[in-house]
Amino acid sequence: MCSDEKDNDLRASLDKGARADLLAVPKDKLENLTQKIEALRQIQSQRDELEAKFLEERARHEAECEKLYQPLFTKRFDIVSGLDGVQGAANGAMDLGEDKASKEKGVPNFWLTAMKNNSLLAQEITKADEEALKYLIDIKSSRLVCCPEFKLEFFFGPNPYFKNYVLAKKFIMIDEVKLIFDEAIGSKIKWYPEKCLTRECSTRKPKKSFFNFFKSLEFPFYDESIDVKLLHQLEHDYKIGVTIKKEIVCHAISWFCGDATCGRRTKRKIEYDNPAAGNLVQKIESLRKIEIELNKLEAEFLEKRRKEEANYVKLCQPLDTKRYDIVNGVNEVKGAPNDGAMVQSEDKATKEKGVPDFWFIAMESHHELRQNIVRHDQGALKYLTDIKWCRINDSEGFKLEFTFGPNPYFKNSVLEKTYRMIDETYIVLEEAIGTVIDWYPGQCLIEKAERSFFNFFKPPEVPTDVEGFEAEKLRYQLRCDYDIGCVLPITL
């Protein structure tokens with residue numbers, strides 16, 4: 001293979017974000033990297049095959065679990081919509097209410113209240129949206145077996161805002177783990193005259209509204225001219241969709257009652273300003289019994305998923321060891337790129353050891369991580385030699401380990417970040433623990449500028465005693481910190 005062909009092969013093997021940085025390397029060193037990159041590609045290919053099988057099995061189990069949910073969702077819909085009158089808190093018996101005039105039909109504003117009690121969704125719902133969302137009578141989620149996509153359906157009763165009875169949003173993914181989108185398809189809302197909530201009626205200018213969530217967004221491929229604003233909007237919509245799917249649909253009564261807010265694990269006592277509203281107690285108790293059954297099914301599913309995940313991580317470990325050896329020059333690749341042979345290098349003086357700046361470039365090429373890396377971080381991150389992810393034994397949550405070579409910035413050889421979860425479904429953290437960095441004098445990067453990636457190891461505190469806006473601010477910061485922690489394993 002000639003030199004130009006080797007360069008082209010290397011260029012084709014790299015992610016576009018990493019390509020620009022790596023192509024700045026002198027041509028002779030770039031050629032030396034070709035065999036190493038090819039060996040790494042072969043390792044990644046094997047890892048991708050394991051990941052595909054793991055995700056396929058997980059999707060199959062999730063689809064099976066959704067089928068078991070359906071009868072319970074139907075019972076919940078009947079109570080919330082008032083199709084069944086609940087009588088008798090002790091036995092939960094349900095029959096048709098005989099005195100509808102004296103009782104509130106169903107559970108008023110059930111879905112609106114549940115969504116507003118979730119801090120992420122509450123930020124999307126305006127006062128004008130609330131009036132329209134009072135007509136929301138059900139939300140359903142579904143996914144195709146072994147396919148990285150899911151759909152949400154919002155069912156509305158007759159209302160003065162739009163003609164649609166169902167508004168849907170479907171997320172189609174090229175890669176669900178790496179969050180590579182194909183498109184997000186939403187329903188076109190048929191607004192009644194002067195009732196559009198997404199645009200000003202007079203100027204037609206866009207305005208903030210939850211109903212912007214149903215706007216279709218196409219994102220067919222990644223390239224250098226990608227619209228960053230569109231990408232951020234897709235990711236934002238996806239986070240909203242996942243929150244509704246995993247938290248609201250499956251745990252609606254907990255969010256309605258506020259049990260899920262701030263990670264409460266016990267039932268809140270529901271109090272009513274209007275004594276006549278006390279008849280809701282029986283309905284809520286029946287809904288809670290339904291949710292107990294849903295939680296049992298979910299617990300069984302999560303246990304299966306953890307076992308599958310543990311097996312997947314175990315299978316990946318030998319491949320990760322090989323990757324570490326190549327990246328850090330423990331073993332140098334020698335011979336034709338397709339033979340995959342790795343032997344100890346005999347002439348290290350003539351070759352660049354390992355793959356320089358491998359992890360730094362990988363992180364820089366990820367659009368979300370790139371936003372948290374500033375210029376003065378780059379020197380220190382170039383000493384990063386490995387990143388490992390592992391589950392915490394006998395606990396919900398996970399740990400990240402960042403291994404560094406000797407460097408002039410800090411004394412630590414390993415920086416850790418641990419997330420302990422109260423509940424992974426609600427994404428409620430018990431605590432986030434980071435390593436205290438032992439900086440050399442005058443080298444503390446988090447003091448040199450307001451922003452630094454190394455602030456990641458100094459996590460925000462979990463709010464306990466604070467309330468109101470300050471508590472919401474801390475929870476939002478903690479959720480952003482957790483999102484970064486979840487993105488990092490994707491780079492592995």
Side-chain angles (χ1 to χ4, degrees), residues 47 50-51 54-55 58 177-179 242 246 263 299 302-325 327-328 358-360 362-363 366 368-369 372-373 377 380-381 383-405 407 409-439 445-446 452-464 474-475 477-492:
R47 217 177 186 281
L50 292 174
E51 182 183 71
F54 165 66
L55 293 176
R58 188 175 72 177
V177 174
K178 297 179 175 65
L179 293 185
V242 169
K246 291 187 175 181
L302 291 176
E303 183 61 28
K304 286 181 181 178
R305 190 172 72 178
R306 287 194 183 98
K307 289 180 180 178
E308 292 166 358
E309 184 182 80
N311 184 55
Y312 165 67
V313 171
K314 185 177 180 180
L315 292 173
C316 286
Q317 284 176 348
L319 297 175
D320 293 344
T321 300
K322 288 182 180 180
R323 179 180 64 189
Y324 174 86
D325 289 348
V327 167
N328 294 288
F358 177 81
W359 288 105
F360 166 66
M363 292 170 65
H366 192 283
E368 192 166 345
L369 294 177
N372 294 278
I373 298 173
D377 293 332
L381 287 174
Y383 290 92
L384 182 59
T385 61
D386 201 16
I387 304 176
K388 291 181 180 179
W389 178 96
C390 64
R391 276 283 178 199
I392 302 171
N393 292 332
D394 302 322
S395 176
E396 292 184 322
F398 60 89
K399 179 172 70 173
L400 291 164
E401 295 181 352
F402 297 73
T403 304
F404 286 83
N407 66 82
Y409 297 92
F410 46 81
K411 300 176 183 178
N412 314 66
S413 59
V414 178
L415 300 181
E416 295 183 352
K417 183 66 173 285
T418 302
Y419 294 96
R420 296 186 183 275
M421 313 292 290
I422 294 173
D423 194 308
E424 282 192 302
T425 301
Y426 296 147
I427 312 183
V428 179
L429 280 91
E430 180 180 6
E431 59 182 347
I433 306 169
T435 299
V436 176
I437 303 177
D438 189 4
W439 300 99
L445 298 176
I446 60 177
S452 170
F453 174 77
F454 290 92
N455 281 320
F456 176 68
F457 299 99
K458 186 181 178 182
E461 296 179 0
V462 178
T464 53
L474 287 171
R475 275 193 290 272
Q477 291 174 347
L478 193 59
R479 180 61 183 265
C480 292
D481 181 270
Y482 175 79
D483 287 342
I484 296 172
C486 289
V487 166
L488 278 161
I490 295 173
T491 66
L492 303 181

Taking the side chain as C-beta and beyond, is there a heavy-atom pair between Met363 and Ile387 under 4.5 Å?
yes
Quick one, Arg47 and Asp320 - any side-chain contact, counting heavy atoms below 4.5 Å?
yes
Tell me if a side-chain donor or acceptor on Arg420 pairs with a main-chain N or O of Ala432 at a distance below 3.5 Å.
no
Would you say the side-chain atoms of Asn412 pair up with the backbone N or O of Ile437, donor to acceptor, closer than 3.5 Å?
no
I would like to know whether Cys316 and Leu50 meet side-chain contact (heavy atoms from CB on, under 4.5 Å); could you show each step before the answer?
CA-CA 8 Å; Cys316 286; Leu50 292 174; 4.1 Å; yes
Applying side-chain hydrogen bond (donor to acceptor under 3.5 Å, both in side chains), name anything that partners [X], two or more places apart in sequence or on another chain.
{"X": "Ser452", "value": "Asp377"}
{"X": "Lys411", "value": "none"}
{"X": "Glu416", "value": "none"}

Looking at [atom1] of [X] and [atom2] of [Y], how far apart are the two atoms once the value is rounded to the nearest 0.5 Å?
{"X": "Phe456", "Y": "Leu415", "atom1": "CZ", "atom2": "CG", "value": "10.5 Å"}
{"X": "Arg306", "Y": "Asn311", "atom1": "CZ", "atom2": "CG", "value": "16.0 Å"}
{"X": "Leu315", "Y": "Glu51", "atom1": "CG", "atom2": "CD", "value": "13.0 Å"}
{"X": "Asp386", "Y": "Phe358", "atom1": "CG", "atom2": "CZ", "value": "9.5 Å"}
{"X": "Lys417", "Y": "Ile433", "atom1": "NZ", "atom2": "CD1", "value": "10.5 Å"}
{"X": "Arg58", "Y": "Tyr312", "atom1": "CZ", "atom2": "OH", "value": "10.0 Å"}

Looking only at heavy atoms, the pair that brings Ala380 and Phe454 closest together is CB-CZ, 3.7 Å
Nearest heavy-atom approach of Trp359 to Thr385 is NE1-O, 3.1 Å
Phe404/Phe410 aromatic ring centres below 6.0 Å:
yes
Any ion pair linking Asp325 and Lys322 (charged N to carboxylate O, less than 4.0 Å)?
no
Testing Glu309, Glu303, Lys304, Arg305 for side-chain contact (heavy atoms from CB on, under 4.5 Å) with Lys307, which one passes?
Glu303
Could you check Thr435 against Val414 for side-chain contact (heavy atoms from CB on, under 4.5 Å), going step by step and ending with a plain yes or no?
CA-CA 8 Å; Thr435 299; Val414 178; over 6 Å; no
side-chain contact (heavy atoms from CB on, under 4.5 Å) between Leu445 and Trp439, worked out
CA-CA 8 Å; Leu445 298 176; Trp439 300 99; 3.7 Å; yes
